[in-house]
Amino acid sequence: MKPFAYDLDEQDLKRERQKARELRQSQWWKRRCAKGRCHYCGQATPPAELTMDHIVPVARGGKTTKGNVVPACKSCNNKKKQMLPMEWEAYLRSVGTPLDG
């Protein structure tokens, strides 16, 4: 049984990892991180400590595009793992975390 809903071959994964490395070096990404806020919890986080999170994970069919990556603190990124947005929201509800909006 495969753990994720989407199957990528090794070449696709390598391509997405390379795109992520390139995007992390872009001025666009550096400006996003300079704001110093985690996309998920909203906590102030030093820019150097923010990580790149794919809203729709690559392992679940997401792509490394500006519309699919957000800065996240390591804690949120580790908790989110490979969850899709609706799975992440369900998780937050289950632990009693209020949702924005």
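By convention here, the first residue in the shown sequence is residue 1. Just the heavy atoms: all of them, side chains too, but no hydrogens, waters or symmetry mates, feed the values below.
Salt-bridge annotation for Arg17 and Glu22: absent, with no side-chain N of the basic residue lying under 4.0 Å from a carboxylate O of the acidic one.
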Q: Kindly indicate, with the supporting measurements, whether the criterion salt bridge (charged side-chain N to carboxylate O under 4.0 Å, His left out) is fulfilled by Glu87 and Arg60.
A: CA-CA 12 Å; Glu87 294 167 336; Arg60 303 285 294 269; 3.0 Å; yes

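Within 6.0 Å of CD on Gln11 lie no more than 12 heavy atoms contributed by other residues, nucleotides or ligands. The number of heavy atoms from other shown groups lying within 6.0 Å of NZ (Lys30) is above 12.
The heavy-atom pair separating Thr45 from Cys73 by the smallest distance is OG1-CB, 3.9 Å. Nearest approach of Asn77 to Ala72, heavy atoms of both residues: CB-CB, 4.3 Å. For the residue pair Pro85 and Val56, the shortest heavy atom distance occurs at CD-CG2, 4.3 Å. Contact detail for Trp29 and Thr51: the closest heavy-atom pair is CZ2-O, 4.0 Å. Cys76 and Tyr40 get closest at one heavy-atom pair: SG-CB, 3.9 Å.
Shown are Cys38, Pro47, Cys33; of these, the side-chain contact (heavy atoms from CB on, under 4.5 Å) with Pro71 is made only by Cys33. Paired with Met52 under the rule side-chain contact (heavy atoms from CB on, under 4.5 Å), one option of Arg32, Arg24, Arg21 passes, and it is Arg24.
In this structure, Leu23 CG and Gln18 CD are separated by 11.5 Å, a value rounded to the nearest 0.5 Å. With values rounded to the nearest 0.5 angstrom, Tyr91 atom OH is found 8.5 Å from Lys81 atom NZ.
By the 4.5 Å heavy-atom criterion applied to side chains, Val58 and Lys63 are not counted as neighbours.
Checked by atom type and distance alone, the side chain of Asn68 never pairs as donor or acceptor with a backbone atom of Thr64 at under 3.5 Å.
Following chains of ILVMFWY side-chain contacts shorter than 4.5 Å, one cannot reach Trp28 starting from Leu50, and the two form parts of different hydrophobic clusters. Ile55 and Leu84 are assigned to two separate hydrophobic clusters, defined by single-linkage of ILVMFWY side chains at heavy-atom distances under 4.5 Å.
Residue pairs meeting the salt bridge (Lys or Arg N to Asp or Glu O under 4.0 Å) criterion with at least one member in residues 33-56, sequence neighbours excluded, are Asp53-Lys80.
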